[in-house]
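Each chain gets a letter, A, B and so on, in the order its sequence line appears, and its residues count up from 1.
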Amino acid sequence: MKPAAFDYVRAENIEEALDVLRRDGADARILAGGQSLVPMLSMRLAKPRVVIDIMHLPGLKRIESGSGVIRVGAAVRQHELERQADLASQQPLLAAALPWIGHAQTRNRGTVCGSVAHADPSAELPLVLIALGGEIELRSRRRSRRVPAATFFAGMMSTDRKDDELVEAVRFPAARSGTGYAFREIGRRHGDFAIVACAAVVDAVTARLAVGGVADRPVARKLPLPGDPALEDALDAFAWDLDARDDLHATATYRRQLVRRLGRRTLEEAARCRA
Amino acid sequence: MAAHGDDLKETQGAKDWVGRSIPRFEDAALLAGRGHYLDDLGVPPGTLEAAILRSPHAHAEIEAIDCTAAKAADGIFAVVTGADVKALTSSLVVGVKAGIECWPIAVDRVRYVGEPLAIVVAADRYRAEDALDLIEVRYRPLPAVVDPLAAAAPDAPVLHPRVNGNVIGERVFRYGDPDTAFAAAAYRVRVDVRYPRNSCTPIETYGVIAEYDPAEGAYDVLANFQGPFSLHPVMARALKVPGNRFRLRTPPDSGGSFGVKQAIFPYIVLIAVAARIAGRPVKWIEDRLEHLAGSVSATNRVTTLEAAVDSDGRIAALAWDQLEDCGAHLRAPEPATLYRMHGNLTGAYDIRHVKVRNRVVLTNKTPTGLNRGFGGPQVYYPLERLVQRIAIELKLDPLEVIRRNLVPAKAMPYRTATGALLDSGDFAATVEAAISDGQLDALQARCDAARAAGKHYGIGFAAVVEPSVSNMGYITTPLTPEERRRAGPKNGAQSTATVSLDPLGAVSVQVASTPQGQGHRTVLAQVIADALGLKPQDVRVTTEVDTAKDGWSIASGNYSSRFAPAVAGAARIAGLQLRDRLARIAAAQLNVPAAEIVFADGRVGARSNPNNAISFSRIAAAGHWAPGTIASEIGQTIRETVFWTPPQLTAPNEADEVNSSLCHGFIFDFCGVEIDPTSGAVCLDRYVTMHDCGRILHPAMVAGQINGGFAHALGAALYEEYAYAADGSFLSGTFADYLVPTTMEVPEPIILHRESPSPFTPLGAKGVGEGNCMSTPVCIANAIADALGLAEIDLPATPSKLAAYIHPPETARAGRPQPVARPGGGERVLFGEGRAQVNAAPDQVWRMLLDPATLEAVVPGAHGIEKISDTHFRALVTLGIGPVKGRYRADIELSDLDPPRAVTLTGSAEGALGLGRGSGRVKLEPDAANRTVVSYQYEAAIGGKVASVGGRLLDGAAKLVIAQFFTALAAHAGGGRQRTGVIGRVLRLLRRKP
Amino acid sequence: MPRLNAGSLHRVSFKLNGRMVSGQAQSRMLLSDFIRHVLGATGTHVGCEHGVCGACTVQIDGVPARSCLTLAVQAEGTEIRTVEGLAPAPDRLSPLQNAFRDNYGLQCGFCTPGILMSLDALLRDRPDAAEPEIREFLSGHLCRCTGYGSIVKAALDAARKLREERDRA
């Protein structure tokens, strides 16, 4: 399993990266951590003409917290965010979800923005972004823009990113006072793709549940608060609306059952964490 | 020569090395990264690399293979197809006379996903794979069949047209008087089992380096082949050379095999032919995707097992009906999986009446072969499930049923009804020891407490006789006695070992045992050290095989756990024989009778007088330096080669009784499981495994084998399955989908031991490598069945399956049709529906659908539509989802036309990345403003690489691509603003250039 | 930096086990192939080439990473450590390696180098790691021979010996 041939550019400044994107467009792929892209290259599922390595762009290596947002640059590796001091208090959902991404060895190389740009339907970071209502910063030679997560994730491995755009950073809303956060995931083995993953955000008046691994992208929905008898039917409706499918690892029925049960548990845990 | 004042200790059994856990000699190099696995070795200058084109179809005629572009590519030295291979080789020998052939490469037809079609030989593997992309193959797909029962049915698609159907051979056996026993039975208890397919997937894949010498007409191959070397003549015959022109060598290190590296042999033939055609040495290293789809797997089997039982739970008779699925080819040594256990069909029990019906069926799946446990899991799963069912149906304690049926100790050696000779063991005492030492009482109490707290907890048992050292004759069991008489007897198992002494008096040992991590070099050093009174580090062992230079026979290799009983045994015999001759030399020099000579601590001396001794190395070197001083009747003392075949391994007799294995260990397991009520996941709370593997040569290594076998078995029980879609697409194509358990999934079993030495082996040792593969899957299944009150359970016991027994059933959503469950298990048809609104009247839309120019604009990524007829189009299409993009040849037909209201579109697409087939009913309905609402329902099946590597994403992919088509149709017609959800977003996607 | 052309060979240099090394690679060449076949350090093994089995694990700038998921050109200018760099001398083994031998933590040895590189990093960063943490950290490594128990035992034994060594110093 060896990749087909491609050119390689190690961008030294962001303009260089954007120029290649503008020129080669859909035939270019951004190489950040490579944990998702390289196996696709090896399996020849992807055959770009050029690969742009953005890991040496200093402007993309920052994690910035302030004004209620944690902004993570495109060259920040997952383990760097995981080890960020007081991440658990800044955004507990991130602290809870990051250890579920793959294995320590892949988190050492894979990037936060890379996982978001790749948009695998079972990925944890897109799920957290959807749950929190985060944003993605996109940049091209033409312009910079910010896209809300709900608009960004269009479908399975499909996002709103245009061919000439780079995901420059993602913005996770920081924890708000009076709000509880919880994350739960069930997979076949430790580190496997999620069969169902749930991220819950609960404050005094709203409960929001985001589910990954079922639909072709993570989906969030406002639900009745834990304790409200209407929650059961609402979870049931949500489970059906996600259009679960059978696959090698789980039946659609099983996925729906997990949405109901895991969803409830995650919401309840978030409610408890509100203290 | 006088001793130097060293004391000579009494060594008769006092300080044996065998039986102790010494550090392994293999480890230092392996730990330092200095292993010599096949891909680490140097290659002859000029060696090229090969890549193999493999079929994406499960069943298809090959209409044409065009290699022109591939051959012309940069750095390509040869492109070899089935026709080229056929011109230089003969079919591989097929085990059963069935009129079918077995080629290592597809010739006119492909029969399983992953089957080799062509080999590219290039300067390096990267460029070889580039050329694979340039080979154009035209297939005519055929219906495929993957279910063994479906394949055995009269209307099944036939894989080998020269044979009548897919069932290769049916054989019935009768032992004792089963019919009378069944007629007289107080009870009849029955289980129906479908045992799944899995494979032990060693971390190192196949590797071959082959060279052809045209002047000698000889092949020289280095490969990480594990044996049995009965396949050497199969390969030589296929290559059309005599055995002495097929030199087969193995590397010093092998990264695991567990039976799997037996099936490298067809690839050895292929790469050897490729080397011949290319005129240069060729190396091929298999990659993991190739390995999972196209190497080998264990068989899956459908079994009905029925017992005639008296009211005490004593089993009087067994009736076996086994349908063995060997995949697409009956590849040697199959149907060995079915017959390896033939002597052990009564397991650990004293049952005298047995009826067996065996059928072998072929299906469009990978051909099968050796795999750890080799036939044992497929036999013990039904048998031990049956024992649990007997207990439940007769309302007896399952342990009592086991106890009442065990072969009694006093019956040893015990001849089973089907012919195996159980060498030793006290099964009943072993069970009792396991129960007390393993604290079954405590486990039972734990179970009771858990259940009282409302948990799903269960306990299961399994009692298993583990055979080792296969009788090479067992492969003739399916022949009739008449056929066996005509063919000549096949029996025995020649093991060989050579002990040599060099001019400095140091000891070397060579065996043909091809270890893959079992520490043979250490254990053999212990064995020979004991024989010759040395330290193990004084003995150097090589285990690489060179058929041109080493002693070997068809039984050589490392399989059926034959090392400890047979190979180490042969080494001991060689060591003792050499010792006897050296003793006679020493006796003459020391002037004492030979019987008085003692070998200890590196010295050879008189038992009565420790000072009357000589150093071992001096005596050992005598054969080189002063052969004239050695009495001629002693013979040479430079090298002692022993071939040992145990007399108990006789050919199958006229009554079809066969002693299929030499030794029989006994295993008794019990375990407790708890099933998570939310996820359905199985938590293995406690697992006790009691082993009697005869004399233990190295306790830590025995523990290693048991733990390793346990992990494999746990995988088979809960995680691993070679999964195929109904159309034969291979779904578990990567390690992301074929789930090998990790540190987090494998608990540590509690291992207990008893030693009942075998009277049949030189060291009293029995094999120990495979036992838990036979006992653990059914032990866990029995515990799960106990926890959930299940009468039937098939593996793997995934959370999804088990949760269905725990969760209350879903209520269908009001107003929403529940997705219809497809019949016939294992189906993987994708289905969906959607709608698009088109700003044009229905008859306009209708015309667009039938107009190739429109279709070209509308089919995503189409470039070049060819109209075959008014209702049949072909196109070249480039399809992409995210980074995954590929070119496909699409074929679209319209049928069931009901203009302008509805039409059925049937299409297929094929490309390097995969193939898809789908059909959809498209309805056009006018809305209030005479625009058209296009609604569609589709079914699709996707195969090929994308199915193998991305199964869980296929639904989304199909949905996206089909939606792209209909949205593009809408856009082409000048669609309006109202779009629903996904379709709207997809439209935005389409605004990007394809 | 200039665009490296797909068809050409390019010089890739980095520090391997403390020494500068250099070789030629196409931009598509995987780091695992570069280390094994261009540099000749065959201790790092390839088991799946899609990043699941962990056999190819090396340390890149101090952290364990899968070399089959890395392009050789990405390694330019980095510090890489492989299993060949663990032993203190050609005829001696490190405490971690010795612990594996003492506890029979390997059988065929094919998955072992990757596991050693992960553990070497873990025990350096988390010398007090106990069994649950060790098991989780090794969950990205597949072994088909041992059932993992002896590997975990070896890791715990090594941790203890390294702590003792550190306390003595």
Side-chain angles (χ1 to χ4, degrees), chain B residues 21 23-24 26-37 39-41 74 124-126 200-205 253-258 285 287-289 515-519 700-701 703-712 714 734-736 740-749 949, chain C residues 7 26 28-29 33 36-37 41-55 82-87 90-94 96-98 100-113 116 134-152:
Chain B
S21 297
R24 295 190 344 157
E26 292 88 338
D27 288 354
L30 298 177
L31 288 164
R34 284 198 301 273
H36 292 104
Y37 305 90
D39 195 33
D40 301 336
L41 302 175
D74 182 47
D124 61 70
R125 175 70 181 235
Y126 287 73
C200 285
T201 67
I203 305 301
E204 184 202 26
T205 56
D253 293 310
S254 172
S257 180
F258 322 107
I285 302 296
D287 70 38
R288 184 55 61 182
L289 267 56
Q516 319 100 17
Q518 295 90 343
M701 286 204 223
Q705 288 301 305
I706 294 172
N707 277 301
F710 174 76
H712 266 128
L714 186 93
T734 69
F735 272 158
V740 172
T742 74
T743 49
M744 304 295 277
E745 287 81 42
V746 183
E748 259 196 276
V949 311
Chain C
Q26 287 193 321
R28 61 167 160 174
M29 185 173 234
D33 286 337
R36 287 178 51 76
H37 297 296
T42 56
T44 302
H45 300 142
V46 172
C48 76
E49 230 161 20
H50 51 276
V52 180
C53 78
T82 64
V83 64
E84 288 92 343
L86 288 180
D91 60 345
R92 271 168 47 218
L93 297 178
S94 70
L96 177 62
Q97 290 165 310
N98 272 318
F100 267 72
R101 187 169 56 178
D102 294 342
N103 290 279
Y104 304 96
L106 64 156
Q107 290 180 27
C108 82
F110 201 75
C111 73
T112 310
L116 290 174
I134 288 173
R135 274 195 184 259
E136 169 143 25
F137 200 75
L138 292 182
S139 64
H141 289 273
L142 299 183
C143 170
R144 284 302 233 172
C145 291
T146 64
Y148 305 106
S150 60
I151 292 176
V152 173

Which bit of [X] is near chain B, if near means a heavy-atom gap under 4.5 Å: side chain, backbone, both or neither?
{"X": "S150(C)", "value": "neither"}
{"X": "V52(C)", "value": "side chain"}
{"X": "E136(C)", "value": "both"}
{"X": "R28(C)", "value": "both"}
{"X": "R101(C)", "value": "both"}
{"X": "L116(C)", "value": "side chain"}

Is it the backbone or the side chain of Y126(B) that comes under 4.5 Å from a heavy atom of chain C, or both, or neither?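 Its backbone and side chain both get close to chain C.
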
request  = Examine whether an atom of T734(B) lies under 4.5 Å from a heavy atom of chain C, and if so say whether it belongs to the side chain, the backbone or both; otherwise answer neither.
outcome  =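 Both backbone and side chain.
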
Salt bridge (charged side-chain N to carboxylate O under 4.0 Å, His left out) assessment of R125(B) paired with D33(C) | CA-CA 11 Å; R125(B) 175 70 181 235; D33(C) 286 337; over 6 Å; no

Is there side-chain contact between [X] and [Y], with heavy atoms separated by less than 4.5 Å?
{"X": "R24(B)", "Y": "L106(C)", "result": "yes"}
{"X": "F110(C)", "Y": "D253(B)", "result": "no"}
{"X": "R135(C)", "Y": "M744(B)", "result": "yes"}
{"X": "T112(C)", "Y": "L31(B)", "result": "yes"}
{"X": "Q107(C)", "Y": "Q705(B)", "result": "yes"}
{"X": "R144(C)", "Y": "H712(B)", "result": "yes"}

What verdict does the side chain to side chain contact (heavy atoms under 4.5 Å, CB included) test give for H45(C) and E204(B), after you've listed the backbone C-alpha separation in whole Å, the side-chain angles of each residue and the deciding distance to 0.1 Å? CA-CA 8 Å; H45(C) 300 142; E204(B) 184 202 26; over 6 Å; no

With respect to chain B, which residue among [options] yields the maximal number of heavy-atom pairs within a distance under 4.5 Å?
{"options": "C53(C), G149(C), C48(C)", "result": "C48(C)"}
{"options": "R92(C), E84(C), Q26(C), M29(C)", "result": "M29(C)"}
{"options": "G43(C), G109(C), S139(C)", "result": "S139(C)"}

Item to check | Set of ring-ring contact (aromatic ring centres under 6.0 Å, His included) partners for Y104(C), sequence neighbours left out | outcome: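 Once residues adjacent in sequence are excluded, the partners of Y104(C) under the ring-ring contact (aromatic ring centres under 6.0 Å, His included) criterion are H698(B).
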
Intermediate values then yes/no, side chain to side chain contact (heavy atoms under 4.5 Å, CB included), F735(B) and L142(C): CA-CA 10 Å; F735(B) 272 158; L142(C) 299 183; 3.8 Å; yes

Practice prompt. Indicate whether the side chain of D39(B) and that of H37(C) have a donor and an acceptor atom separated by less than 3.5 Å.
Written response: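 There is such a pair (donor and acceptor under 3.5 Å, judged by atom type) between the side chains of D39(B) and H37(C).
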
task: Could you list the residues that satisfy salt bridge (Lys or Arg N to Asp or Glu O under 4.0 Å) with D74(B), not counting sequence neighbours?
output: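 Once residues adjacent in sequence are excluded, the partners of D74(B) under the salt bridge (Lys or Arg N to Asp or Glu O under 4.0 Å) criterion are R127(B).
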
If you tally heavy-atom pairs under 4.5 Å against chain C, which of [options] wins?
{"options": "C200(B), A736(B), A711(B), G519(B)", "result": "C200(B)"}
{"options": "T201(B), T205(B), L30(B)", "result": "T201(B)"}
{"options": "A32(B), P515(B), S257(B)", "result": "A32(B)"}
{"options": "T743(B), L289(B), V746(B), D287(B)", "result": "T743(B)"}
{"options": "N707(B), D40(B), L714(B)", "result": "D40(B)"}

inquiry  = Minimum heavy-atom separation for Y148(C) and P741(B), please, with both atom names.
reply    =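 So the minimum-distance heavy-atom pair works out to OH-O, 2.7 Å.
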
(request) Over all heavy atoms of both residues, which pair between C108(C) and G255(B) is shortest? Give the atoms and the distance, please. (result)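 In this case the closest contact between C108(C) and G255(B) is SG-C, 3.4 Å.
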
